[in-house]
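A short write-up of the structure that comes next.
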Amino acid sequence: AGVVEEMAFRGYMQTGIERYDRENAIWITSLVFVASHVTQGIGAILFMGPGMFIASMLYGSLARRTGTILPGILVHVLGDLARVYFGVLRGDGSLLFVN
């Protein structure tokens, strides 16, 4: 998801908004990024939304500062993997293998 989301939100949306409103592009894109996760449920948005917004601001700032979405993709993918490892697997990597 990290690759597609970074391409869509930072690569396409943020750069498009920056043509007209560079000052507000990152936070507008970040709001839309959080809203796009509404399919996970309102409870998830209320719980995870603030962290997702902050992460999105980081991804957007990285894209603007470096001129590429590649650092944001790397951080996003690593964050997603950490969330699965610690949140879903509860830190037990052995759950990834069949006995």
Side-chain angles (χ1 to χ4, degrees):
V3 175
V4 173
E5 287 178 346
E6 291 310 304
M7 288 172 57
F9 289 99
R10 264 53 70 180
Y12 180 74
M13 179 182 281
Q14 180 178 314
T15 56
I17 294 171
E18 283 178 340
R19 288 188 213 130
Y20 304 99
D21 190 358
R22 182 173 169 83
E23 185 176 312
N24 294 306
I26 293 175
W27 73 263
I28 291 169
T29 302
S30 296
L31 283 176
V32 175
F33 177 75
V34 172
S36 75
H37 288 82
V38 74
T39 58
Q40 296 177 358
I42 296 298
I45 293 294
L46 293 175
F47 180 70
M48 297 186 331
M52 289 170 43
F53 182 81
I54 291 167
S56 182
M57 294 287 290
L58 169 69
Y59 306 148
S61 296
L62 278 170
R64 179 179 290 168
R65 179 166 272 204
T66 63
T68 179
I69 62 171
L70 294 178
I73 288 173
L74 177 64
V75 174
H76 194 147
V77 168
L78 291 174
D80 287 347
L81 290 173
R83 189 185 72 217
V84 168
Y85 182 74
F86 293 107
V88 177
L89 300 176
R90 296 186 179 124
D92 186 358
S94 69
L95 295 172
L96 294 171
F97 303 99
V98 176
N99 289 326

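Computation of the quantities below employed the complete heavy-atom set of this structure, encompassing side-chain atoms and omitting hydrogens, waters and symmetry-equivalent molecules.
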Q.
Using the rule that Ile, Leu, Val, Met, Phe, Trp and Tyr join whenever any side-chain heavy atoms are under 4.5 Å apart, tell me whether Tyr12 and Val32 fall into a single cluster.
A. no

Let me have the donor-acceptor pairs involving side chains of residues 33-42, under 3.5 Å, with sequence neighbours excluded, atom names and distances please.
| residue | atom | partner | partner atom | Å |
| --- | --- | --- | --- | --- |
| Ser36 | OG | Phe33 | O | 2.6 |
| His37 | ND1 | Phe33 | O | 2.7 |
| His37 | NE2 | Glu5 | OE2 | 3.1 |

Residue pairs meeting salt bridge (charged side-chain N to carboxylate O under 4.0 Å, His left out), one or both in residues 34-62, sequence neighbours left out, come to none

Tracing side-chain contacts under 4.5 Å among Ile, Leu, Val, Met, Phe, Trp and Tyr outward from Leu78 reaches Leu74

For Leu81, the other hydrophobic cluster members (4.5 Å side-chain criterion, sorted by chain and number) are Val3, Met7, Ile69, Leu70, Ile73, Val77

With a 3.5 Å cut-off and sequence neighbours excluded, list the donor-acceptor pairs that the side chains of residues 50-63 form with protein atoms.
| residue | atom | partner | partner atom | Å |
| --- | --- | --- | --- | --- |
| Ser56 | OG | Arg10 | NH1 | 2.7 |
| Ser56 | OG | Ser30 | OG | 2.9 |
| Ser61 | OG | Met57 | O | 2.9 |

Contacts of Val4 meeting side-chain contact (heavy atoms from CB on, under 4.5 Å) (sequence neighbours excluded), chain-then-number -> none

The complete set of salt bridge (charged side-chain N to carboxylate O under 4.0 Å, His left out) pairs with one or both residues in residues 26-54, sequence neighbours excluded, reads none

Is it the case that one hydrophobic cluster holds both Phe9 and Ile45, taking links as side-chain heavy atoms less than 4.5 Å apart, direct or via other members?
yes

Separation between CD1 (Ile26) and CG (Leu31), nearest 0.5 Å, reads 12.5 Å

So the salt bridge (charged side-chain N to carboxylate O under 4.0 Å, His left out) pairs with at least one residue in residues 20-47 (sequence neighbours excluded) are none

So salt bridge (charged side-chain N to carboxylate O under 4.0 Å, His left out) across residues 56-81, not counting sequence neighbours, yields Glu18-Arg64, Asp80-Arg83

